[in-house]
Amino acid sequence: MKHCAGQIKYLVAIKELADSEENVRCVSISRHLGVSRPSVSKMLRCLANCGYVQEDFCNSVVLTPEGKRVVDEIFACFNEVYTFFHNFLKLPHDEAHAQAITFITDFPQDTCERLKSIVKKTIKKKHS
């Protein structure tokens, strides 16, 4: 997965907002990430150019099938990384969520995959 940290943060925000809201709008992304609306527009243009969001994102931001695939790829590691921070390190939900986002955006993909593998093995051992 060759995406910059900003792209990953925005794609995660779009997915999280889409899961909790009917329409994802630029203003809701702006609030969710704590960034300016012009920054959101600039990144959405980038994501549209990559084919991850539909071109007409002014009224509602919608992931394309490719965007959904990329988000699924991101969340394949996110869930285990979040589990590590929340269940293993006992961080509160919000802090574990923020740390997991930072981890999957700042660390190499192979490091995320290694942590994912360790978390899965540990959980499997606990349930055996």
Side-chain angles (χ1 to χ4, degrees):
M1 181 170 53
K2 301 284 187 211
H3 306 93
C4 73
Q7 289 174 323
I8 294 171
K9 287 177 184 176
Y10 275 79
L11 289 168
V12 167
I14 292 166
K15 172 166 182 2
E16 290 176 341
L17 289 167
D19 288 349
S20 66
E21 297 179 10
E22 200 168 298
N23 283 327
V24 178
R25 299 177 54 225
C26 291
V27 68
S28 57
I29 296 170
S30 173
R31 273 186 256 141
H32 188 77
L33 293 175
V35 298
S36 69
R37 285 172 47 181
S39 293
V40 173
S41 294
K42 184 176 178 182
M43 181 55 81
L44 289 177
R45 172 59 38 218
C46 173
L47 293 174
N49 289 341
C50 292
Y52 300 149
V53 298
Q54 291 181 358
E55 287 287 331
D56 183 25
F57 54 77
C58 292
N59 293 322
S60 181
V61 180
V62 178
L63 293 169
T64 63
E66 179 64 9
K68 289 177 184 175
R69 186 193 66 73
V70 169
V71 166
D72 288 344
E73 197 175 295
I74 291 166
F75 271 87
C77 276
F78 174 85
N79 292 329
E80 282 79 9
V81 172
Y82 170 81
T83 298
F84 173 76
F85 285 110
H86 187 60
N87 295 359
F88 290 49
L89 299 183
K90 305 296 184 200
L91 297 178
H93 167 73
D94 291 342
E95 191 176 339
H97 183 271
Q99 293 293 326
I101 296 292
T102 299
F103 191 89
I104 66 173
T105 57
D106 292 351
F107 282 79
Q109 181 65 27
D110 65 322
T111 304
C112 293
E113 289 294 332
R114 289 166 133 181
L115 181 60
K116 174 183 172 180
S117 175
I118 290 168
V119 169
K120 281 187 167 187
K121 286 178 187 175
T122 303
I123 291 173
K124 194 174 190 178
K125 284 181 184 177
K126 282 184 175 182
H127 289 87
S128 294

(request) Under the salt bridge (Lys or Arg N to Asp or Glu O under 4.0 Å) rule, what do Asp19 and Lys15 come out as? Steps first, then yes or no, please. (result) CA-CA 6 Å; Asp19 288 349; Lys15 172 166 182 2; 2.6 Å; yes
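Minimum heavy-atom separation, Val24 to Ile14: CG2-O, 4.0 Å. Across all non-hydrogen atoms, the minimal contact from Gly6 to Met43 is C-CE, 3.6 Å. Cys26 and Leu44 get closest at one heavy-atom pair: SG-CD1, 3.6 Å. In terms of heavy-atom proximity, Cys112 sits nearest to Phe107 at SG-O, 4.2 Å.
Put simply, CG on Asp110 and OG on Ser117 are 12.0 Å apart, with the number rounded to the nearest 0.5 Å. To the nearest 0.5 angstrom, Cys46 atom SG is 9.0 Å from Tyr52 atom OH. Atom-to-atom distance recorded for Arg69:CZ and Leu63:CG is 12.0 Å, nearest 0.5 angstrom. Taken to the nearest 0.5 Å, the CD atom of Glu80 stands 11.5 Å off from the OG1 atom of Thr122. One distance of note links CD1 of Ile29 with CZ of Arg31; it measures 11.0 Å at 0.5 Å rounding. With rounding to the nearest 0.5 angstrom, the OG1 atom of Thr83 is 11.5 Å from the NZ atom of Lys116.
With His32 as the partner, the side chain to side chain contact (heavy atoms under 4.5 Å, CB included) test is satisfied by one option alone out of Leu17, Val40, Val27: Leu17.
Hydrophobic clustering of Ile, Leu, Val, Met, Phe, Trp and Tyr side chains at less than 4.5 Å, counting indirect connections, unites Leu11 with Val35. With hydrophobic clusters built from ILVMFWY side chains whose heavy atoms lie under 4.5 angstrom apart, Phe103 shares a cluster with Ile101. Cluster membership check: Leu47 shares its hydrophobic cluster with Phe75, using side-chain heavy-atom separations under 4.5 Å among Ile, Leu, Val, Met, Phe, Trp and Tyr. Side-chain heavy atoms closer than 4.5 Å link hydrophobic residues (I, L, V, M, F, W, Y) into clusters, and following such links, even through other members, never connects Phe85 to Ile118. Val61 is connected to Leu33 through a chain of hydrophobic side-chain contacts under 4.5 Å among Ile, Leu, Val, Met, Phe, Trp and Tyr, so both are in one cluster.
Using a 4.5 Å heavy-atom cutoff, the side chains of Gln109 and Cys77 are in contact.
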Side chains of residues 89-99: which donor-acceptor pairs under 3.5 Å do they make with residues two or more places apart or in other chains?
residue, atom, partner, partner atom, Å
Lys90, NZ, Asn87, O, 2.9
His93, ND1, Tyr82, OH, 2.8
His97, NE2, Glu16, OE2, 2.3

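The environment of Arg45 atom CZ is dense: over 12 non-hydrogen atoms of other residues, nucleotides or ligands sit within 6.0 angstrom.
Checked by atom type and distance alone, the side chain of Thr64 pairs as donor or acceptor with a backbone atom of Gly51 at under 3.5 Å.
Taking the salt bridge (Lys or Arg N to Asp or Glu O under 4.0 Å) definition, one finds that Lys9 meets it with nothing, sequence neighbours left out.
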